[in-house]
Amino acid sequence: MAHYLDYSTHRKNLENGETTSVATVQGFLDAIVAKQNLNIFLEVFAQEALQKAAEVDAKIANKTAGKLAGMVVALKDNICYKGHKVSGSSKILEGFESVYSATATERLLAEDAIIIGRTNCDEFAMGSSNENSAYGKVLNPLNTELVPGGSSGGSAAAVAAGLCHAALGSDTGGSIRQPASFCGVAGLRPSYGRISRHGLLAFASSMDQIGPITTNIFDAALLLEVISGKDEYDSTVSTKAVPAYSQELASNEKYKIAYLGDCISNDGVDKEIQNRFSEIMEGLSADGFSFYDTTFPYLDYVVPTYYVLATAEASSNLGRYAGMTYGYRAKYTENLDDLIIKSRTEGFGAEVKRRIIMGTFVLSEGYYDAWYTKAMKVRRMIADYTHKMLQEHDFIMLPTTPTTAFKIGQNTGDPIAMYLADIFTIQSALAGVPSISLPLGQHSNGMPFGIQLIGRKFDESRMLAFSELMMQKFGK
Amino acid sequence: MSSTTTPTNKYEVVIGLEVHCQLLTESKAFSTDPYLYGSEANTQVSPVSLGHPGTLPKPNLKALEYALKMGLACHCDIHEWTHFARKNYFYADLPKAYQVTQFTKPIATEGYITINLADGTEKNVKLDKIIMEEDSGKTQHDLDPFSSLIDLNRAGVPLIEVVSQPDLFAPEEAYQYLTELRRIVRYLGICDGNMEEGSLRCDANVSIRLKGTKVLNTRVEVKNLNSFRNVQRAIEYEMERQAIVYDNGGTVDGETRGFDPAKGETFMMRSKEMMNDYRYFPEPDIPPFVLTQDDITKVKKMLPELPRELHHRMVTEMALSTYDAGVITSEKSYADFYLTIINHTKNYKAAANWLNGPIRSYLNENALDFKDFKVTPEAIADLIKVVDENVISFSTASQKVFPELIAHPEIMDAMTIVNKLNLGQVGDDDLLITYIQEAIAKYPDKVAAYKNGQKGLIGLFMGEVMKKTGGKADPKKTNALLAAELEKA
C-alpha cells in the first residue's frame, strides 16, 4: 500500500491507476487483523467494504465518483448505520441493530466513502481512557501499556495505527481531541450545531458533537464540509451555509492569539508540553503572529460545571435503555419496576451508573437549584467570557492535555483525577465553539501530545486554515 | 359512604382541573409519524416514537399554532419566549423515559374561561397555564391474561394541557367549565373533544375548606376521569370523603386517587411518598423558540368566532332568544349549519326554529348524530323561502316536504318536492275568491248567522275552501278574503 499523505493524494493515485480502492481496503483489512490485539474495532464490515470498494473503483473509472470516493472511514460505535449494530460499547445495547443511518453516515456514503467498521469507545462516550467499554479496553497503538484516551479512543487509535484513512468520533467534553492528542493524530470538534446529531447516541445533548479524526488537516476539512449542515431531523443544527473548508486552507492573516500564561506554567502541565508550547508561540511570533497572555478566571469551574450538566442530561438521555422496546432485558424479573432496575443494573457499566446517579441527584427536587441551576449560570458565564476572549482575539491556544497518555489502570480508581484530564478541552464544549487538537508535540517518553486551537463559533474555516499553517510549520 | 352527620354542609369544595386535549394535527408532536386513532397497535410509529438511540425531536409547528390558538381564545398572556422541558419517569409506555412538555416557560399563562352559573350569571374561571406536550403510549392490562401489552401508536401525539387555578367551587361549576372548554376546542377545530376515545382527558384537584375561609387545604388529585358525569361524581365523592376525614379530626393526604365509576368511589393510587420526582429540566434537543408579535397577530386573525361571541351576536343582532342561541351554539356543527342557512335567508328566527324544531326532533327520535344529518343547510334555507313566499305553509313544509328531503337529500331545492307532491299553496286571489263565493252560496243561512255575530262560523267557510283546494289554500290570505267577502254578502 502506497504511503497515505492525504485524501487528495490518494484520490490522484486512484484516478491514475496507481492503486485501487479494493487494494486499499484489503490493505486496511490485513492491518486490522495484524493489530487485533489493540481491540480497536468492535466489528469490521470486511465483505461489505470490499464490495463498496469495487463499486467505487468502477465509479472512479466512469468519473462519477463522489467527493470522498475511496476514503476508508471508521465509525465510533455510537453513530448509527442502518442495518448495522450499534452499541455505544455497552452491554445494554448488545446485538442491537440500527434501523436508520445517522445524517453524518448518510452523507459519508452519499459521497462514496467506504465504512470499514465500528470502533470501540468508552461506554456511551463516558470516559477519558477507553477503559469503560463493555467490550474491553483499547490499547494505545504507540505503546500498548498506555491508554489511547477517550472516549473516542478506538477511532483515534484506528487512525494512528493506520487501520483506516479517517474516523468519526464524538466529542462532548473532549472525547475527540484528548484521544487525538494521546495518539498523535488530528481531532476536530466543530461548533455546536455544525453537524447534525441525528443518529448519534446521546450522552449530553447540549454538548455532543460528531467530528473527524484524521492524519492531516485537509482530510478533516473535507470530511467536515461533507457531513456538516442543516438537517430536518435535528432542531439544534445550524442552517448556516457550509463553506468548502478544504478549499480554504491557505491563509495570509497574521492572527491575534490568546493564551493562558498562568495555566500553561502550572505544575500540573508536563514540562515538555510547556516547552513545546512556548517554542511554537515563539516561532509564530517570529512570523508576525501576536500572542496575548490572558486570564480565564473560570478555569477551576469548567470541570465541575461540565460534570454537573453532562451527567444531568445523560441521566435523562440514558433512561430509554430500560429493557423495554429494545436492547438488553434482564431475565427472571418480578414486575415492571424490577425489570427496569435489573436490566439497567446488569446492562450498564460502573462509570455510566456513576454518572446516571450523579445526574439524577443534581436534577432532583431540593438539589436542583444548588446544582443544576447554578451550573447553568456558570456555563453562561464561561460561554460569555469565552466569546469575549474570541472577540478580542482570533484564537485561543492551549495544550490539548496536561500530560501524554497515561498508563492503563492508572486513573481508574480515582474518577476525579480522570475527570481532570479534560480540563483543557471542556471550555470550548461549554461555550459551543470549535476547537481542534493538532499533533504537534513529541515527548521524550516516546508519546505524542496535541496543541489545541479554539476558534470563533462557526469560524471553522479560519481555524482549519491556521491549523494547516501550523502543521506545515511545526509538524513532522 | 354513610355517616351519622351530614358533614358536607359546613365545607366548601375547591377544585382545579387539568384537562388534556389531543390535538387534531396530521403528524405527531415531535416527529412526522402520522396518527390515526384506532389503528392497529404499534403501526403509527417510527424510530422517533419508539425512542430509538440517536433520534431527536422536531417540533410540529401546527401543534404550537393550536396551543397558541387556545391561549388566545382563553385570553391568556402569550409568552414570546418559551421552551420545552423534559419530565423524567420510567414507565413501559414511555419509550424515552421522559415526556417532552413545558414547565417553567409555557406558551400561555393566566387567562380565563367564562362559564354560566345556575343563577344565570357568568363567571370567569381563572387559568394557570396552557402548555403543549406529547402523549405517552398506552398500556393494556386486560387484553391478555398473562401480559400487559404496550401500544405505542399514541406515543408522541401532541396534547395541550389546560390547567385551571383552584377557582371552581362546586361540582356543577367543574361540569360547566369542562363543557365550555370542550366547546372552545371544538370551535377552534384543534381537538375533537371526545372523552370516550380519550382525546379529552381530565384530572381533578380537589380540596375542601370551611365555608367562609380562604385557606387552600391539601388537595387530592383524582386522575383519569373519562366522562363529564364522572368528573362531577368523583368530586362529589371526594367532598364527602374529605369532610368525614376532617370531621373525625384526621388530615387529608396529598395523594393521587383513581375513580371507580361502577362503585362511584375514588381509591388510592399513589401516596405522597410514592410520588415521582420528575426532575424537570430544559429540553436540550429543542432550542427555545421565539414567537414574534407578528406570529401572534397572524394566529389571532385565524381565530374563528368563538361560541360566546356568536351567542352574543345571535341575541343582539339576530334577535334570537337566549335559549335558541344557547342550543345552536352548543355544538360547532349546529352553529356552522345555522350560519350557512342564514347565508341564504335573512329569516334568522325561522332558521333557528327549523334547527331547534323539526331537525332536532328528527335527530332525537331517530337517535342520530348531527353528522348523520344529510339534508343541506341550503335546502333548509330554500324551505324557509317557500314558506315565507306563502307557497306552502310551515306545517306542510315540516310534515311533508322535510321528510321527503330527508329521504332524498340529493334534492337541493324545496320546490322540486312541492311540485312533485303537488303541494303548492293556492294563493291566487281570483281563484280563492271563486272558491269563497261558492262556499258562501252553499250556506246562505250560515252567512246570516255569521252576520248576526257568530264569527266562529268563519271556520266552516274556511274548511269548505280548504276542501276545494285540497288543503292548499293559503290560510292567512283565505282568512282575510273570507272576512271581506262575508261582509259584502
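Just so it is clear: chains get the letters A, B, ... in the order the sequence lines come, proteins before strands, and each one is counted from 1. Computed from heavy atoms alone, side chains included, the values below leave out hydrogens, waters and symmetry copies.
Counting heavy-atom pairs closer than 4.5 Å to chain B, the top-ranked of the candidates A:N317, A:V362, A:I340, A:L339 is A:N317. Your options are A:C80, A:S316, A:G319, A:G199, and the one with the most heavy-atom pairs under 4.5 Å with chain B is A:S316. For the set A:H198, A:M376, A:M207, the count of heavy-atom pairs under 4.5 angstrom toward chain B peaks at A:H198. Of the listed residues (B:P47, B:P59, B:G51), the one with the most heavy-atom contacts under 4.5 Å to chain A is B:G51.
To the nearest 0.5 Å, atom OG1 of residue A:T236 and atom CD of residue B:E283 are 9.5 Å apart. To the nearest 0.5 Å, atom OG of residue A:S364 and atom CG of residue B:N88 are 11.5 Å apart. Atom CG of residue B:N276 and atom CD of residue A:E365 lie 11.0 Å apart, to the nearest 0.5 angstrom. Atom CZ of B:F90 and atom CE of A:M324 lie 11.5 Å apart (nearest 0.5 Å). Rounding to the nearest 0.5 angstrom, the gap separating the CG atom in A:D234 from the CG atom in B:L56 is 5.0 Å.
Within a 6.0 Å radius of NZ in A:K342, more than 12 heavy atoms belonging to other residues, nucleotides or ligands are found. A 6.0 Å sphere centred on CD of B:E26 holds no more than 12 heavy atoms belonging to other residues, nucleotides or ligands. With a 6.0 Å radius and a threshold of 12 heavy atoms from other residues, nucleotides or ligands, A:K91 has its NZ atom above the threshold. Sparse packing is recorded around NZ of A:K82, with 12 or fewer heavy atoms of other residues, nucleotides or ligands lying under 6.0 Å away. Within a 6.0 Å sphere centred on CZ of A:F361, heavy atoms belonging to other residues, nucleotides or ligands number more than 12. With a 6.0 Å radius and a threshold of 12 heavy atoms from other residues, nucleotides or ligands, A:Y332 has its OH atom at or below the threshold. The neighbour count for A:R344 CZ, taken as heavy atoms of other residues, nucleotides or ligands under 6.0 Å away, is above 12.
In terms of heavy atoms, B:P287 sits closest to A:S235 at CG-O, 3.3 Å. Shortest non-hydrogen contact noted between B:L152 and A:T325 is CD1-CG2, 3.6 Å. Of all heavy-atom pairs between A:E232 and B:K58, the closest is O-CD, 3.1 Å.
Both the backbone and the side chain of A:T360 come within contact range of chain B, with heavy atoms under 4.5 Å apart. Interface residue B:Y280: only backbone heavy atoms are found under 4.5 Å from chain A. Looking at A:Y192, only its side chain comes within 4.5 Å of chain B, counting heavy atoms on both sides. B:L94 does not touch chain A: none of its heavy atoms, backbone or side chain, sits under 4.5 Å away. In this structure, chain B has a heavy atom under 4.5 Å from the backbone of A:Y233, while its side chain stays farther away. At a 4.5 Å heavy-atom cutoff, the contact between A:S206 and chain B is made by backbone and side-chain atoms alike. If you measure heavy-atom distances from A:L93 to chain B, the contacts under 4.5 Å come from the side chain alone. Proximity to chain B is limited to the side chain of A:L336, based on heavy atoms less than 4.5 angstrom apart. Of the two parts of B:F281, the backbone and the side chain both hold a non-hydrogen atom closer than 4.5 Å to a non-hydrogen atom of chain A.
The shortest side-chain heavy-atom distance between B:P53 and A:Y321 falls under the 4.5 Å cut-off.
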**Report entry** Derivation and outcome, side chain to side chain contact (heavy atoms under 4.5 Å, CB included), residues B:T55 and A:R320
**Finding:** CA-CA 11 Å; B:T55 54; A:R320 67 189 62 200; 3.7 Å; yes
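With hydrogens and angles disregarded, a donor-acceptor distance shorter than 3.5 Å links the side chain of A:Y100 to the backbone of B:G54.
Looking at B:R279 and A:Y372, their side chains never bring a donor and an acceptor atom within 3.5 Å of each other.
A salt bridge between A:R197 and B:D285 is present, with a side-chain N of the basic residue lying under 4.0 Å from a carboxylate O of the acidic one.
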